[in-house]
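For reference, the structure discussed in these notes is given below.
Every number for a ligand or one of its atoms is a count from 1 in the order of the listing. Residues: numbered from 1 along the sequence shown.
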Amino acid sequence: IEEIIAMLPHRYPMLLVDRVVEINENGLVALKNVTMNEPFFMGHFPGKPIMPGVLIIEAMAQASALFTIQVLGKESKGKLVYFMSIDDAKFRKPVTPGDSLYIHVTKLQNRGAVWKFKCEGRVSGAKTAEATVTAMIADK
Ligand code: BDE
């Protein structure tokens, strides 16, 4: 988590990746441990805690940014990953307190500063959400 904090500008309550469990040249797997203490459960929804789909997408974006920064290494210094588009997002199962949400990120394409990733959220091996995200690395 200390390395993640050094790589991403996000902080509580918007930092949505706890750990990178696996990384290779094609992508990574990141973990978001979802607990009842997430601030968003207060309102989404009272008595029926479900992680907002937009925040699952946000976790995917953060995990993709981590991959990009890791691949670029020193080249990423002084730069920021800007999200450009989200395509084909689907929400298949609700994510609830106690879930270990694994974000699987696979690189689809990299042309210059633009990177495209296929992302899947999984809980206990089951797909909860999927999306294609495109990001650009640029100066801060
Ligand atoms: C299913 C697939 C993907 N994402 C979310 C779902 C889902 O079951 N959402 N459920 C929302 C929901 C909200 C309230 Br308020 C409620 O009282 C109940 Br019963 C719900 O299932």
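The closest protein non-hydrogen atom to atom 16 (C) of ligand 1 is Lys48 CG, 3.6 Å. For atom 1 (C) of ligand 1, the closest non-hydrogen atom on the protein side is Pro94 CD, 3.5 Å.
Other residues, nucleotides and ligands contribute only 12 or fewer heavy atoms inside 6.0 Å of the NZ atom of Lys116. Residue Gln109 places its CD atom among more than 12 non-hydrogen atoms of other residues, nucleotides or ligands, all under 6.0 Å distant.
For ligand 1, the atoms lying closer than 4.0 Å to a non-hydrogen atom of Arg92 are 2 (C), 3 (C). If you number the atoms of ligand 1 from 1 as listed, the ones under 4.0 Å from a heavy atom of Phe45 come out as 13 (C), 15 (Br). Which parts of ligand 1 touch Ile50 is read off a 4.0 Å heavy-atom cut-off, strictly below it: atoms 9 (N), 10 (N), 11 (C), 12 (C).
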- Query: Given Lys32 and Glu38, is the salt bridge (charged side-chain N to carboxylate O under 4.0 Å, His left out) satisfied, shown in steps?
  - Reply: CA-CA 11 Å; Lys32 164 59 182 164; Glu38 307 294 345; 3.0 Å; yes
- Task: For Leu72 and Ile137, run side chain to side chain contact (heavy atoms under 4.5 Å, CB included): C-alpha distance rounded to whole Å, both residues' side-chain angles, the deciding distance at 0.1 Å, then the answer.
- Result: CA-CA 10 Å; Leu72 292 178; Ile137 185 125; 3.5 Å; yes
- Message: Go through it in stages, so that I can follow the logic: the residues are Glu25 and Lys107, the test is salt bridge (charged side-chain N to carboxylate O under 4.0 Å, His left out), and I'd like the CA-CA distance, side-chain angles, deciding distance and then a yes or no.
- Response: CA-CA 9 Å; Glu25 59 278 11; Lys107 185 180 76 177; over 6 Å; no
